[in-house]
Structure formats: C-alpha cells, structure tokens
Amino acid sequence: MPEQTNINDALSEIQKFFAQPNAFRSILLLIISIVAVYWFSKFIARGIIKVAQIVAAHSDNESDDERLIRLRQIETYLSVTIAMVRAALVTVVAYMVWRAFSPDSSSSIAAIGAGTIFVVFAGQTLGILLRDVTAGATMIIEKWFNVGDYIKIEPFMDVSGVVERFTLRSTRLRSLSGEVIWVHNQQIMAVHVTPRGVRTIAVDVFVRDRVEGEKAIEKIIGTVPTGATLLARPLRIKYAERWDDELWRITVVGETPPGREWLIETYFVNALKDVDADKKRADRLFIQEPIARYADPDADRRFKRAVRIKKDRE
C-alpha cells in the first residue's frame, strides 16, 4: 500500500533524525528544552509569589516604620528573585542539553547554527534586555524604591502609582484609577517617592471666635470621605493659636494619597468659604480665606537645615 509505505518512510526519517547526531537535532532539542524549563520555572515563581504575598500582608499591618521598610525590601528582593530564578534555570538547562546532544562530528556546523541564532537574538533583544537589567540592578543596589511604595516616574507626565512588582527588567505600577502600568527599567530617568504613600496637607483657618470656629470646622470635617484612595485619615484640628483679641489661627491637618489633594485644597477649603457666603464682612466667622499648604514633618526638619536666615542685630 503506497500510503502505508509513505507513513513508514516518514516515521523512519523522524526516527533517524532524532537517533543520529546532527546539528539541527541539537538546535531543535535546545529550543524545546528552553520552552519546557521556562514553563517549569513559572511554577517555582508561583511559590515565590506566595511567600511575597505573605510578607506583603505582614508589611501592610506593620505600624513600625523601620520594620515596614525592611519588609518591603524583602518583598522587593523576592520579586527580583523570580526573574533571576527563571533566567538561571533556562541558562543551565540550555547549556546541559547543548553539551549532551551536540555532535562532535558536526561541531562546526552546530557552532555556525548556534552562532547565527545568537546573533539574531542578541541583535534584536539582548541589547535592550541588558540595558533594562543594568538600570534595574542600579536601582536595587541604591534602593531607589521598594514594592508597595507610591512613585511617580520621570520623564513621563502621568505615570505614577503603587509599585506592585519590581524585577531587573521591568517595573509594574497600579495607578489611582486602577490601571496597570508596565515600564522598562531603562526608561526610568528619575523617581518621585512619596513617604508612607501619603501627602500631609495643613489648612490654616483664621476665625474671630475659637469655640464657634472649631464647631464649624468639625461639622465640615464630618462631610469629607475617608478611605485608602480618599483621605488616609480623617482631618483633625492640630492646634489653635491666638493672634489677637478677635483673631485665632486654627490649623487643620490631613493626609491624602497623591492625586487626591483636591479633597482638602478644594473641597474642604470651599466648604469653609461657604459658611460665610451670605454674611456681611463684619459678621463673618472666618476673617480671611483659608491657606492650604504641604506640611510633611520630615520636609520641615530638612528645610530647617537648608534655609538659613541671619538674625537681625538689635
């Protein structure tokens, strides 16, 4: 039967192809082994991710800032380990398969074939990969940021969010709107890191009567929504300072994630203005417009060292 003969011939050729040493068999087996070990490495990566998630859960519930930073660094190193394990497994298995199946009799042909594949691969991808790895390694060594930090990336206008994953090759962010953003490490020119993931904003309110002013402020504070993507903590009256017989300065402080500053700078300030919207100037509770400003305690301490003004001599 001709059809059966053709099938037998084809099977015989396939068996001869894999049984006899040749360069093309080595290259094919090399490719197959790389694909297989890559998929195997994904299961190992899942185990590392589970450990990273446990560390992340502990860091989210940690109140001590120093311990929180250490846990986030561990989470970052675990994230980097995923890519390193994959690369190491693929490299070792590829080398072992090539050494096992590369025929000595046709080593020159095999070398030419492997060299051709390497040149094509290196020319298209290896250069980009090495630049990413170099940039990623530099940021890890210098501790630019950790997994869980809120960052803004330069030179992009609107690329910002919480770092969900950080490897030698790329960085993954989750924006305030819920979008997932992937960035090649070589594209990161500079990084803005928000301490503790929030921005502290203070509002100075000037009132005629302290008691009435605090009552009005507390009532407005109750209308401002709170949450992880809104106000990190409810607004609170930090202190009140008397400037004159009928002039008090009341400072209100709140913390918001980057991008939600308008809750304090616009919503809260406008609500204060509306209290006296229909009153004459002499009857107004709030004498001047509220002043919204950043009030990060660490920045205040650093600027005290940087800003030096000579005291006037008497």
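Keep in mind that what you see is a predicted model, and the values were worked out from it rather than measured. Numbers here simply count residues along the sequence, with the first being 1.
- In this structure, CZ in Arg172 is found 4.5 Å from CH2 in Trp182, a value given to the nearest 0.5 Å.
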- Query: Step by step, would you call Glu218 with Ile237 a side chain to side chain contact (heavy atoms under 4.5 Å, CB included)?
  - Reply: CA-CA 8 Å; Glu218 291 287 358; Ile237 297 175; 3.6 Å; yes
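- The pair Arg196-Asp296 counts as a salt bridge, with a side-chain nitrogen and a carboxylate oxygen less than 4.0 angstrom apart.
- With rounding to the nearest 0.5 angstrom, the OG1 atom of Thr256 is 7.0 Å from the CG atom of Leu231.
- At least one donor-acceptor pair closer than 3.5 Å links the side chain of Arg208 to the backbone N or O of Arg284.
- A salt bridge is absent between Arg199 and Glu255; no separation between the charged side-chain nitrogens and carboxylate oxygens falls under 4.0 Å.
- Legend: ring pair (Phe, Tyr, Trp, His ring centres under 6.0 Å) pairs involving residues 253-298, not counting sequence neighbours: none detected.
- Under the 4.5 Å side-chain criterion, counting only non-hydrogen atoms from C-beta, Tyr150 is not in contact with Pro257.
- A distance of 7.0 Å separates CZ of Arg260 from CG of Leu263, quoted to the nearest 0.5 Å.
- No side-chain heavy atom of Leu247 sits under 4.5 Å from any side-chain heavy atom of Arg249.
- Taking the side chain as every heavy atom from C-beta outward, Val203 and Ile264 approach each other to under 4.5 Å.
- A search for side chain to side chain contact (heavy atoms under 4.5 Å, CB included) contacts involving Val159 returns Ile153, Phe156, Leu173, Ile181, Val183, not counting sequence neighbours.
- Asp283 places no side-chain N or O within donor-acceptor distance of the main-chain N or O of Lys280, the cut-off being under 3.5 Å.
- Under 3.5 Å, the side chains of Thr171 and Asn185 contain a donor-acceptor pair of N or O atoms.
- A single hydrophobic cluster is not seen to contain both Phe206 and Leu272; linkage of ILVMFWY side chains at heavy-atom distances under 4.5 Å, directly or through other members, places them apart.
- Residues Val191 and Asp149 form no side-chain contact, since every pair of their non-hydrogen atoms from C-beta on lies 4.5 Å or further apart.
- Here His192 contributes atom NE2 and Ile151 contributes atom CD1; the two are 10.0 Å apart, rounded to the nearest 0.5 Å.
- Partners of Asp300 according to the side chain to side chain contact (heavy atoms under 4.5 Å, CB included) rule, which considers only residues two or more places apart in sequence or in another chain, do not exist here.
- Nearest heavy atom pair, residue Ala216 against residue Leu285, reads CB-CD2, 3.9 Å.
- In this structure, Pro258 and Lys152 have side chains that are not in contact, with every pair of non-hydrogen atoms separated by 4.5 Å or more.
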- Query: Is there a side chain to side chain contact (heavy atoms under 4.5 Å, CB included) between Arg236 and Val252 once you walk through the steps?
  - Reply: CA-CA 6 Å; Arg236 60 196 182 280; Val252 182; over 6 Å; no
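- Under a 3.5 Å cut-off, the side chain of Thr194 and the backbone N or O of Val198 do not form any donor-acceptor pair.
- The number of heavy-atom neighbours closer than 6.0 Å to CE of Met157, taken from other residues, nucleotides and ligands shown, is 12 or below.
- In terms of the salt bridge (Lys or Arg N to Asp or Glu O under 4.0 Å) criterion, residue partners of Arg174 (sequence neighbours excluded) are, by chain and number, Glu164.
- Looking at heavy atoms from C-beta onward, Ile287 lies out of side-chain contact with Val207 at the 4.5 angstrom threshold.
- You'll find the side chain of Val253 reaches within 4.5 Å of the side chain of Thr251, heavy atoms only.
- Atom CD of Glu241 has more than 12 neighbouring heavy atoms from other residues, nucleotides or ligands inside a 6.0 Å radius.
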- Go through the steps for Val162 and Leu176 under the test side chain to side chain contact (heavy atoms under 4.5 Å, CB included), then give the verdict. CA-CA 8 Å; Val162 177; Leu176 198 60; over 6 Å; no
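- A 4.5 Å side-chain heavy-atom check between Glu214 and Ile250 finds at least one atom pair inside the cut-off.
- For Asp274, there are no salt bridge (Lys or Arg N to Asp or Glu O under 4.0 Å) partners at least two apart in sequence or on another chain.
- Rounded to the nearest 0.5 angstrom, Ile217 CD1 and Glu212 CD are separated by 11.5 Å.
- Residues passing the salt bridge (Lys or Arg N to Asp or Glu O under 4.0 Å) test with Lys279, sequence neighbours excluded: Asp276.
- To the nearest 0.5 Å, the span separating CZ on Arg131 from CD on Gln186 amounts to 5.0 Å.
- Between Phe145 and Phe166, the distance separating the two ring centers is shorter than 6.0 angstrom.
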- Residue pair Val269, Ile291: steps toward the side chain to side chain contact (heavy atoms under 4.5 Å, CB included) verdict: CA-CA 8 Å; Val269 170; Ile291 300 175; over 6 Å; no
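- Heavy-atom minimum distance, Arg233 versus Thr226: C-CG2, 4.5 Å.
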